[in-house]
Every structure is written in structure tokens, then in C-alpha cells.
Amino acid sequence: MKEAKEVLYGLYDDETVLLDAVRQANADHLDIEEVYSPFPVHGLDPLLGLSESRLHIAGFVYGALGTLTAFLFMTWVFTRDWPIIFGGKPYFSAPAFIPITFELTVLFASIGMVVSFYTVCGLGPGVTNPTLDDRITDDKFCIAFETNGYSNEEISKLQSFFSKTGASEVSSKVI
Amino acid sequence: MSAVVSPIREPLITGSKTYHQITEDIVSPTERVPNASWVAGFILSIATLSFGLFCIGYTIWVGIGTWDLNRTIGWGWDITNFVWWIGIGHAGTLISAILLLFRQKWRTGVNRAAEAMTIFAVMCAGLFPLIHMGRIWLAFFIFPYPNTRGPLWVNFNSPLLWDVFAISTYFTVSLLFWYTGLVPDFATVRDRAKGLRKNIYNFLSFGWTGKAKHWQRWESLSLILAGLATPLVLSVHTIVSFDFATSVIPGWHTTIFPPYFVAGAIFSGFAMVLTLMIITRKILKLEDYITVNHIESMNKVILLTGTIVGTAYLTELFIAWYSGYIYEQFAFYNRALGVYWWSYFGMMACNVLSPQIFWIKKYRRSIFITFFMSIFVNIGMWFERFVIIATTLARDYLPSSWSYYVPTWVEIGIYLGTFGLFMTLYLIFVRVAPVVAIAEVKSILKTSGDQYAQENARSNYDKMLNEKPHHEEHAH
């Protein structure tokens, strides 16, 4: 089991206020643990220093795997395992393999990417992650700081950051 | 980053919504006890479904002889219904995938329900080829699994097998796409719920919390799935058309089939989306999210695709005449003026002539006219498949084999049963899931909400004057 984490978090009412607050936190050299929002906030990723997702690279690899699986399998079946003549065409009739090759490319890429997405995010059926506030999936935007081992002085610095940047509520929680 | 929305664009969300109100409006129908109209609809759907299941059971028990198919007309209502349902299943992915790539914001109001509709329509479609096999208990033969007969593989060169791969891939990808979009919205439902309901939605939401990194990956995933689904949706109906186009039957053996089928599929799919959304927005009171503007956009798609389909019909006639090939000429003469002339004229009237009224803006924006048009279009598209399939087969090369075909009560019952299945699933969906994509609608509120329209127009105007981008936009 993971160690209990003390979190001090502030809720904001609007994404533009949130973005300003994150800018302020960067200027104040505060170490933001996590930002939660009810929908994707554009312009947030570079401020948090999040690198671009690499899911599309994984998708390409899965897709290529699907292409090879389908094309090589059909080639093997019709040229090696059980060659049959269909309508006088050659055994290796590549154009006729294209539809299934395409479909399996899409199928492998989609399933692979979706499985990767849930795996790297730590999400899945039956997973329960601690939530800071029920309104984060509704209309609140949240900045959270991990405060394990913080001195009172550091905590009050964070408190003043929240009041300065217009957080509507500030609370702490152990998750 | 300031939003670039033309000031002449109409708002997509009306009623000056706040983020909380959006959640409230969309989630609350799932939290209430169902009203009388829902219960009545559900009972009717279950009853229709039960009759359909009985007819399917009867067909499997007695055999395909319970249908009126014969040696000449081997494909009748079954394949007509299959192609029709698959066509309807094309709008969902078109709306969510192609319109996502084209950055059409009105997509967010209707994509969730349209994707659900896609999945249910593909389920209805898939039933028909399975039953039509006759010995449904051997249906697993269509998959290339290692077997004790050699192994004897399936024919990978056959369009019928391509269909198996295309439709199962389409179903899987649509389901994944739909569910991935639903996960954050299920989390929203979860965080408002209590007790057992909270546990159920916690399971469905996969533990979503809305972290910035997760949203980034989620958007990346949605975009790539959209990029994959776009060629996929085009490929599915292309491959369905190959079932006909690769044969040597006059009237089927044409290269125009793939684009013509795809346009027809989008045409009928949008019509079905309109039929359902006009009812849903009224009953669930979602008029602020699915506005007349959304309906007009969909009517424009109907007008475009209807005209493409009409052009294809006329092209077919012209090419039949121009080819100088008597069998092709006869096939088209027979379609228009043969024994099934009424279905050809039904198709022409519903698909080609009736959508032309949408050139007039007043009709495009009339909910009443749109509702009737959407039903006309689906009748027309059903006739189109019937014309292509039954009419063509009824008059083949040998006049001694010419035949006529009328469906039996069993065939009609199975078709009605798929409506029951479709409506049952749809009614369950509107009870348990948010019908509009909550997170996506929230993300366009600042650019497309009516209370921001003035401000956006002003800031765009200032930008035009100053040629200097506004980096910060002030919130209300």
C-alpha cells in the first residue's frame, strides 16, 4: 500500500483563473503536484512542463504489427499452407489481401492504444482513485500541492499563494 | 490563447449556462425516476424485440424455408435490412471522427448519442447475415481459427469475409471510442451519486480523476482514434458494396458502388440521428445543447449526401445507356419500369427529390419538417437497398428463372424485432449514461456559449483592427 500523502489544494472557479494561478506558481517556484479539471484545459500542458503524449508512437507500432500479422498470415495460408486457385488468380494475390490488412491495422492500433492508455494512466475497471473534491468533475479546477514534511512556514506560503491567485476554497486532505 | 470563432457563427449552447448547470442538465435525467413516456416506449420496445426473437427462433428451428426467398431471389429483406442498418451505423463515427478532425464544434452536442446509435445499429445489422447463414450454430466457421479439417482456412479473397473483418473491426473501434469518451462523464455522474449508485459508476468510470496528464493523453487518444476511424468508416461501406460490386450480376457489377454506398450510408445515418435527437432533446429537455443550429448543420449534410446519391442514380442510368451493353441496359430499365417499379419510385422520391427542400433555410431550421424528412430519407434508403438487391435478382439472365418475392410474416417480424432491439438499447442508454458529452460541451462553452458570443465577437473585431493577438482573455 502506498504511503499516505498530505495534500493542500485550492479550487478555482474558472480555467482562465487557473491558468493565471499556474503561471504565478511557476513564477514563485512552487512545485505543483497535480492539476485536476472537469475538462481538458488547453494551454495547461506547457505551463506544467508536461511533455507531449507518446501514445501516437505506440499506436503506430501496434498498427504496423496488425499490418504485418494480417498480410503475412494470408500470404502464408495461400502460398504455403493450403494454396487454392480462386478464379484463375495467382496464389499470392496481394490486392485481395488489402481490405483485411487494413481492417486489422486499424483494429490492432485501436485496441493497443486504448489498452496502453488505461495502463499508463493507472485506470481500469474496478480501479478506485482517491478524489480531492467531488466538484472537480463538475465545475471546479484544482491545484494540489503535496505537503508531506512541510514546515508551517511553507504551508502558509502556499496558503498565501492560493489567496493571492483567487482560489475560491482551500483545504487539505490526506490521500 | 484566445478562441478564434467567427462572430457570425451562432452560439451552440444557449441559455447562458454555467459549467455546473451543464452537469446538472445532462446528468439529472439519469438520476430521476423514468417518466411515463419512457416506460411506455420501453414496454413497446421490449414487446417488439420479443416478437423479433420469436421470429428468429422460428427461423432457426424450422429453417430459412420460413422466408419467401427462392432460387432466383436468394437475398431479400434480410440483406436489405443488413445493409440498411449498417448504413445507419455510419453517422455516429462520421460525426465523432470526421467532424473532430474538421474541428466542427457542433459535433459535441450530438456525438455521444450518435455513437451509441452506431453501436446499436451495427448490432442489429450483424444479426441478419448470421441468421441468413441458416445454420447459425456454425457461425464460428467464418473466423480463421486452426481447425481439424486441414486446417482449412476461410477464403481471404472473398468480399463476404472482408465484411466479417470490416464490421467486427468497426464495432470494436466504435465501442472503444465511445467508451473512452464516456469515462470522464461517468466520473462526473459518480461524484454526484451516493450509495450503490456511486459504486456502480465508480466501476464504470475506471477511477478517472481528471488529472492534467490524463486529459492530455485522453485528447491524444481521441484524436488518433478519430484519425483511424475516419478511413475505417469509409472502408466499411466500401466493403459492403464489394459484396455486390465484385459479382458478375448486371446492375451490381459497377465501380460506382463504393462512393455511392458511402454517401448513402452517411445520408441515412444522419437521418436516423435527426429522428432520434429531435425526440431525445424534447423529452430530456436538451434544447439548449442540441439547438436548431445543430439540426440545420445536419440537414446540410443530408442535402449534400442526398444530392450525391441522386447524382449516382443518374450516373448509373447514363452509364447503362452509354455502355451499349444490353444486359446492363435491361437491368436499369427493369429497375425503373419493371415489376418492382414502385420501390424505384419510392427511392427516387424519398432520397433525391425530397431532400432538395433543404435548399431553403426556413425548412432546414424547421424541426417539424426535419422530423418528417428524416423518416422519409430512411424509407428511401431502405427502398434503395431493396431495389439494388431484390429487383436485380428477380430478373436474371434466364427468363425461365424470373421470379417475384414478397416477404413472409417471419421476415417482417425479424425486421420489426431489430427496431425493438435498437430502441430497447437506446432507451437503456439514455437512462444510464449522459446523452451529451459533458466534458466536451464544457470545453466549447467559452467559445460557443451564447453569453460569450458578444465578447468573442468584440475580441475578434479588436484583433482584426489591431492585428495583435490577445494573449489573455478575461473571464466573467
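Scope of the values below: all heavy atoms of this structure, side chains included, with no hydrogens, waters or symmetry mates. In what follows, every chain begins at residue 1, and chains take the letters A, B, ... in the order their sequences are listed. Just so it is clear, the model here is predicted, and its values are computed rather than measured.
- Closest of all the heavy-atom pairs between A/Asp81 and B/Trp153 is OD2-NE1, 2.6 Å.
- In terms of heavy-atom pairs under 4.5 angstrom with chain A, the leader among B/Leu152, B/Leu204, B/Thr172, B/Thr18 is B/Leu152.
- When all heavy atoms of B/Thr209 and A/Tyr36 are compared, the pair lying nearest together is O-CD2, 3.4 Å.
- Looking at B/Gln216 and A/Pro40, their side chains never come closer than 4.5 Å, going by heavy atoms from C-beta outward.
- Within residues 68-76 of chain A, the residues that have a heavy atom under 4.5 Å from a heavy atom of chain B are A/Phe73, A/Met74, A/Trp76, listed by number.
- Using a 4.5 Å cut-off between heavy atoms, B/Asn155 contacts chain A through both its backbone and its side chain.
- If you tally non-hydrogen atom pairs under 4.5 Å between each of B/Gly210, B/Ser205, B/Pro151 and chain A, the highest count goes to B/Gly210.
- The distance from atom CZ of A/Phe60 to atom CD1 of B/Ile224, rounded to the nearest 0.5 Å, is 12.5 Å.
- Of all heavy-atom pairs between A/Pro38 and B/Trp215, the closest is O-CZ2, 3.3 Å.
- Between A/Glu103 and B/Ile239 the shortest side-chain heavy-atom distance falls below 4.5 Å.
- By the 4.5 Å heavy-atom criterion applied to side chains, B/Thr188 and A/Arg135 are not counted as neighbours.
- When side chains are defined from C-beta on, A/Val106 counts as touching B/Val173, because their heavy atoms get closer than 4.5 Å.
- Contact count against chain A (heavy-atom pairs under 4.5 Å) is highest for B/Glu219 among B/Glu219, B/Glu440, B/Arg192.
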- What do the steps show when you test A/Val114 against B/Phe177 for side chain to side chain contact (heavy atoms under 4.5 Å, CB included), and what is the final call? CA-CA 9 Å; A/Val114 168; B/Phe177 198 14; over 6 Å; no

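- Considering only heavy atoms from C-beta on, A/Thr137 stays 4.5 Å or farther from B/Pro184 through its side chain.
- The CE atom of A/Met113 sits 9.5 Å away from the OG atom of B/Ser222 when rounded to the nearest 0.5 Å.
- More than 12 non-hydrogen atoms from other residues, nucleotides or ligands lie less than 6.0 angstrom from CZ of B/Arg149.
- When each of A/Val41, A/Ile100, A/Val120, A/Val35 is checked for heavy-atom pairs under 4.5 Å with chain B, A/Ile100 comes out on top.
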- Given A/Asp138 and B/Lys442, is the side chain to side chain contact (heavy atoms under 4.5 Å, CB included) satisfied, shown in steps? CA-CA 10 Å; A/Asp138 179 6; B/Lys442 284 178 188 164; 4.1 Å; yes

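- Within 6.0 Å of CZ on A/Phe86 lie more than 12 heavy atoms contributed by other residues, nucleotides or ligands.
- For the atom pair B/Trp218 CH2 and A/Leu123 CG, the distance stands at 13.0 Å (nearest 0.5 Å).
- With a threshold of 4.5 angstrom between heavy atoms, B/Val183 approaches chain A through side-chain atoms but not through N, CA, C or O.
- In this structure, A/Phe39 has its ring center under 6.0 Å from that of B/Tyr19.
- Residue-level contacts of residues 91-98 of chain A with chain B, in order of numbering, are A/Ser93, A/Ala96, A/Phe97; threshold 4.5 Å between heavy atoms.
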- Message: For A/Ile111 and B/Leu176: C-alpha separation, side-chain torsions, deciding distance, then whether side chain to side chain contact (heavy atoms under 4.5 Å, CB included) applies.
- Response: CA-CA 8 Å; A/Ile111 293 180; B/Leu176 293 173; 3.8 Å; yes

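- In this structure a side-chain-to-backbone donor-acceptor pair under 3.5 Å is missing from B/Lys211 to A/Ser37.
- When side chains are defined from C-beta on, A/Phe78 counts as touching B/Asn157, because their heavy atoms get closer than 4.5 Å.
- Most heavy-atom pairs under 4.5 Å with chain A, from the set B/Phe242, B/Phe156, B/Phe203: that is B/Phe156.
- Interface with chain B: from residues 124-132 of chain A, residues A/Gly124, A/Pro125, A/Gly126, A/Val127, A/Thr128, A/Asn129, A/Pro130, A/Thr131 qualify, criterion being any non-hydrogen pair under 4.5 Å.
- Using a 4.5 Å cut-off between heavy atoms, A/Phe141 touches chain B through its side chain atoms alone.
- Contacts of residues 47-58 of chain A with chain B at a heavy-atom distance below 4.5 Å involve A/Leu48, A/Leu50, A/Ser51, A/Glu52, A/Ser53, A/Leu55, A/His56, listed in sequence order.
- Ion pairing between B/Asp191 and A/Lys140 fails under the 4.0 Å rule for side-chain N and carboxylate O.
- With rounding to the nearest 0.5 Å, the separation of CG in B/Leu445 from CG in A/Asp139 is 11.5 Å.
- Around NZ of A/Lys164, the count of heavy atoms belonging to other residues, nucleotides or ligands within 6.0 Å exceeds 12.
- When atom types are taken as modelled, the side chain of B/Thr169 and the backbone of A/Leu107 share no donor-acceptor pair closer than 3.5 angstrom.
- Only the side chain of A/Asp45 comes within less than 4.5 Å of a heavy atom in chain B; its backbone stays farther off.
- Salt-bridge formation is not detected for the pair A/Glu34/B/Lys213: no Lys NZ or Arg NE/NH1/NH2 atom is positioned less than 4.0 Å from an Asp or Glu carboxylate oxygen.
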